[in-house]
Protein chains: 2
Amino acid sequence: MTVDTRWLDQEQKAAWVRLAAVLELLPGALDSQLRRDAQLTHFDYFVLAMLSEAPNRTLRMTALAELTTATLARLSHVVTRLETRGLIERFPCPEDKRATNARLTDAGWAKVREAAPGHVETVRETVIDALTPEQVAQLTEILDAVLHRLDPTRARAAVYERYD
Amino acid sequence: MTVDTRWLDQEQKAAWVRLAAVLELLPGALDSQLRRDAQLTHFDYFVLAMLSEAPNRTLRMTALAELTTATLARLSHVVTRLETRGLIERFPCPEDKRATNARLTDAGWAKVREAAPGHVETVRETVIDALTPEQVAQLTEILDAVLHRLDPTRARAAVYERYD
DNA sequence: ATGCGATAGTTGTAGCAACAACCAAACAGC
DNA sequence: GCTGTTTGGTTGTTGCTACAACTATCGCAT
């Protein structure tokens, strides 16, 4: 019954244990900074950021869901909350009456502008400034390989290939 | 009022965007495999794994909390659930009447043995096997640098320094 | 001995995420 | 021009996490 498992060797285990630790700690660090300074979760922030870079600061829910790697259900809940807070507005898509557009309001735009510097600073402090330029390049390649496994359809490709 | 922000350059942004994507996708991938195949969250699994490697398969709640980077409150809830399922048992610590010990039951031990191969296989598929040996070594160094920022007190050091 | 701050852990509650069920508009086939 | 299917989105439920309040014990200084 037991399938012969290829266990991890010492070096692989070293990398994995550290990755697991980062996976546990980093999201919390990002989240708590944004929550404290901008009353936003990291996911909230990312949603607003994607909208802020879109033409007319508007995207269809489906497009926004792909950009943020979220299910439509999750996105819908999040957008509902952000809409209540006046940061986003929803309106029916004229071209396709099934569809809904989400647009960043002026207040939402202001919120992104206000939150960005602190967020970037946190990213620097926790990750970027800890690495040499060579390591930053290595990290990019490594993560690309991993993403290729995680996201074979490259649904998110559009987002991060803008930054090549 | 505006503090002069050091924005990320192209290469830094490339690394960061990819890291954000991995942070979003990888935990879900790990979680859903374990949930599907062993009815365990990744955190559940890690708790059981830490206990399974401890002397007598027993640890004080505080020690277990440190090993898993969890708050005591979070751990308490998780252990309550695992206890209900018969995978862990709690008993008062004889030396310190404030303290509680958590011990892995035989059923819990069996669960870990059963879940481990599938989990390792997922780790291989999504991360390790996507990388060259050089990249694995690079990743370890990179993550060490990040962890140093993230966890300056090295609370988790004990866990991952076992794998040097 | 006793009074007080620190330590160890539990519990209640509120908020967010995953999953599934659901409805409506659009499209494809005949 | 009906009918069945796919697409786009919302809503309800359940489970887990964070936060805060609370109890009990310990250690130590007086």
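Because the structure is predicted, anything quoted here is derived from the model rather than measured. Convention: sequence-line order gives letters A, B, ...; per-chain numbering from 1.
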**Student:** Can you list, in residue-number order, the parts of residues 93-105 of chain B that come under 4.0 Å of DNA chain C, counting heavy atoms only?
**Tutor:** B:Arg98, B:Ala99, B:Thr100
**Student:** What residues form a salt bridge (Lys or Arg N to Asp or Glu O under 4.0 Å) with B:Arg74, not counting sequence neighbours?
**Tutor:** A:Glu24
**Student:** Check the distance between C:dT11's P and B:Met61's CE and give it to me in whole angstrom.
**Tutor:** 10 Å
**Student:** Counting heavy atoms not belonging to A:Arg85, are there more than 12 under 6.0 Å from its CZ?
**Tutor:** yes
**Student:** Would you confirm whether A:Ser76, through its side chain, and A:Ala73, through its main-chain N or O, come within 3.5 Å as a donor-acceptor pair?
**Tutor:** no
**Student:** For A:Ala107, what residues pass the side chain to side chain contact (heavy atoms under 4.5 Å, CB included) criterion, not counting sequence neighbours?
**Tutor:** A:Leu87, A:Thr105
**Student:** Is the backbone of A:Phe91 close enough, under 3.5 Å, to the side chain of A:Asn101 for a donor and an acceptor to pair up by distance?
**Tutor:** no
**Student:** Applying ring pair (Phe, Tyr, Trp, His ring centres under 6.0 Å), can you list everything that pairs with B:Tyr45, at least two apart in sequence or on another chain?
**Tutor:** B:His119
**Student:** Report, as yes or no, whether the 6.0 Å neighbourhood of atom CZ on B:Arg90 holds more than 12 heavy atoms from other residues, nucleotides or ligands.
**Tutor:** yes
**Student:** Sugar-phosphate atoms are those with a prime plus P, OP1 and OP2; base atoms are the rest. Using that split, label each nucleotide of nucleotides 12-22 of chain C B, S or - for protein heavy atoms under 4.0 Å, 5' to 3'.
**Tutor:** B---SSBBB--
**Student:** Calculate the interatomic distance between A:Leu25 atom CG and D:dT17 atom P; express it in whole Å.
**Tutor:** 15 Å
**Student:** Within this structure, what is the CG-to-P distance between B:Leu72 and D:dA21, rounded to whole angstrom?
**Tutor:** 17 Å
**Student:** Measure from CZ on B:Phe46 to P on D:dC16 and round the result to the nearest Å.
**Tutor:** 19 Å
**Student:** Once you round it to whole Å, what is the distance between P of D:dC16 and NE2 of B:His42?
**Tutor:** 16 Å
**Student:** Show me the pairs that pass salt bridge (Lys or Arg N to Asp or Glu O under 4.0 Å) and involve residues 118-143 of chain A, at least two apart or across chains.
**Tutor:** A:Arg124-A:Asp129, A:Asp129-B:Arg6
